[in-house]
Amino acid sequence: VSEKAILSKSTFVKSVQCLKAFYLHKFYYNRRDPLSKEQQAVFNRGHEVGYLARSLFPNGKDASSEHPSQYLKSVQQTQNWINQGESTIYEAAFLYNGVLIYIDMLHRQDDYWHAYEVKSSLKISATYILDASLQYYVLKNALKETFSGISIINIDGQYQLEGGQLNPQQFFKFRDVSQNAEENLAYIDTQISKARVIYQNQQMPHVNTGLHCFKPYTCDFIGTCWQHSPLHSIFNMPFTSIEQIQTLLAQKKINLEDLSSTDVISKEQSIIIKSLKEKSIHIDQIKILSHLKSLSSSLIFFDCELSAAAIPIVNGNKPYEAFPYLISLTLPEGETFSYFLNHTNDYKPLFRYLIDHTKSSEHIICFDTASELILINFGIKHFPDLAYELEALRNKLFDFSLIFKQVWFYHYEQYGSFTLKAIAQSFIDRDFYKDLPVQSGLMASYAYQYYLKETDESKKVNLKTDLIQYCEKDTEAVAQLFSKVKQLLNHEN
Ligand code: SF4
C-alpha cells in the first residue's frame, strides 16, 4: 500500500459544503478557528458512544494507529487481519482512489463483510447518509464481491435506563443504508473529482460567504473568510425568512450594519436596525410596565442547570433526557445561594432545598422558564409526595425574558441576540462572564458529566466550583438586569 490519501470522510464532507473550505484545510490548515470547548465535548461524546457500540460486536481487532499520519499502517493492518480470517475489525482502514476511510466496525458474516458506522444521535441525517455513501464507495471497490453493505447504528430515543444497567442491544438501532449509498455513487464520484482538481491545481476557488458557512456544520475558517464577526451578520438576525436572507445576499448585504429601514420585514427588525444605527436603547415603557405590574416586592431570582447525556445516567431517563443537578437563588438584596448534587442517587434534597428557600416569596423570577419547568416536572414525576408544593412553586414562576424577546427592551450591542449572556453584557457590563471557566449551559452540562466520572478529588472540587460559579452568575445577571430595567424605566419617567 503506497497510495497517498487526498480525501478523508471529514474532508469530503467539507468539500461538499464548500470547496474553498477544503482548499484552506489542505493548504492553510493552521488558519483554522480554534476548537471550542463545546465542540471538543461533542467529539468526546461520540467516542464514548462508539466504544459502547463495540459491545455489539465484541472481541474485535483495533486497527487504529497512534497518529493520523500513520494511516498506511492502519490500512495494511486491516488487510492483514482480513487475510488472516478475523471476523471483527474496529477502525478498519481502506484507501481507494485517494480516499481514506475508517469504518467504526467491520464485521464478517459467513464470507461477507458488512460495515457499521456509529452515530451518537437519535436521527439519521442526510449528511450521515452521505458519509456512509463515501465509505460504501471505497468499500465496494476495495472489498469487491466480499462486501455486503453498510449500516448506520444510532441511538434509540425510546430506550429507558432501568436498574442502572444499560442494555446495548436495546439502546442502539440499526439501519441498512446500502441502497441509499448505491444511489449516491455517481454523485460521490463527481464530488471526488471536483476536490481532486482543487487539490492538484492548488488554487483557491472563489466562494462568497453565506448560509452554507453554517450548514451542515459551522465552517472552521469563519475567522479567515468573514470580514466582520458572523455574530453581527444577517444570519443571526431574528424574525427573518429564507426569502429575506436570499434577497439581502443578492444585494451583498451581509452585515447588520449594511441594512437600512427598507430592508426589514417586521417591526422587531426595525427596532434592531434603528437601535444599531443610532447606537441606542429601545424601551417600550407601556408594554414593559404592563408585564411587570403583577409583581409584588416579595421576589426571588432563580436559575437551574440541567444535564443531558447521550448514554442515560439516571434511572428512568431516556437518551438525552434532561436531569437537574444545580440550582441557585438570589435575593433582591443581592445574596446568592446554591444547591449542588454530588451524585445522581437521590434528588430529593435538591427539591426540598428549592421549596424551603422559595416558599416565602410570592414570585420566582427566571430568565426563560423552560429549564425550570423541566426541573419542576422532573421533581413531580419522581417525588409525588412533593407534587403539591412543587405545583405551587410552578405557579409562582415569572418569565422575565419576555420583555427582551418581545423586543420591548433592546440594546444595540445585543446584535440580534436574545441570550441572557448577550443581554447582560449589553446592559450591565461587557465582561460580566469574563474569565469564567464555564461559559454556557451546554458546556456546564458536559462539565457535570465529567464531574460525575472524575475520581481525582481536587479536580472534582474545581469542577464543582466552576459550575456553581456559572449558575450563580446567571442568577445574579437576572437580578441585576431586573434592577437595571427598573432604573431605566424610572429614568424615562
Ligand atoms: S467560511 Fe464559508 S466561504 Fe469561507 S471557507 Fe468556510 S464555508 Fe467556505
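For ligands, and for the atoms within them, numbers begin at 1 and follow the listed sequence. Since the model is a prediction, treat every value here as computed from it, not as a measurement.
Using modelled atom types and a 3.5 Å distance limit, the side chains of Y136 and E182 yield a donor-acceptor pair. Side-chain atoms of S193 and T190 include no donor-acceptor pair closer than 3.5 Å.
Taking a cut-off of 2.8 Å, the protein N, O or S atoms nearer than that to atom 2 (Fe) of ligand 1 are C213 SG.
For the side-chain hydrogen bond (donor to acceptor under 3.5 Å, both in side chains) with S151, the lone residue among H107, R175, H114, E117 that qualifies is H114. Tested against Y451, the residues Y446, Y325, F340 include a single ring pair (Phe, Tyr, Trp, His ring centres under 6.0 Å) partner, F340.
Contact check for D474 versus F367: no side-chain heavy atoms found under the 4.5 Å cut-off.
In this structure, CG in L95 is found 11.5 Å from CD in Q79, a value given to the nearest 0.5 Å.
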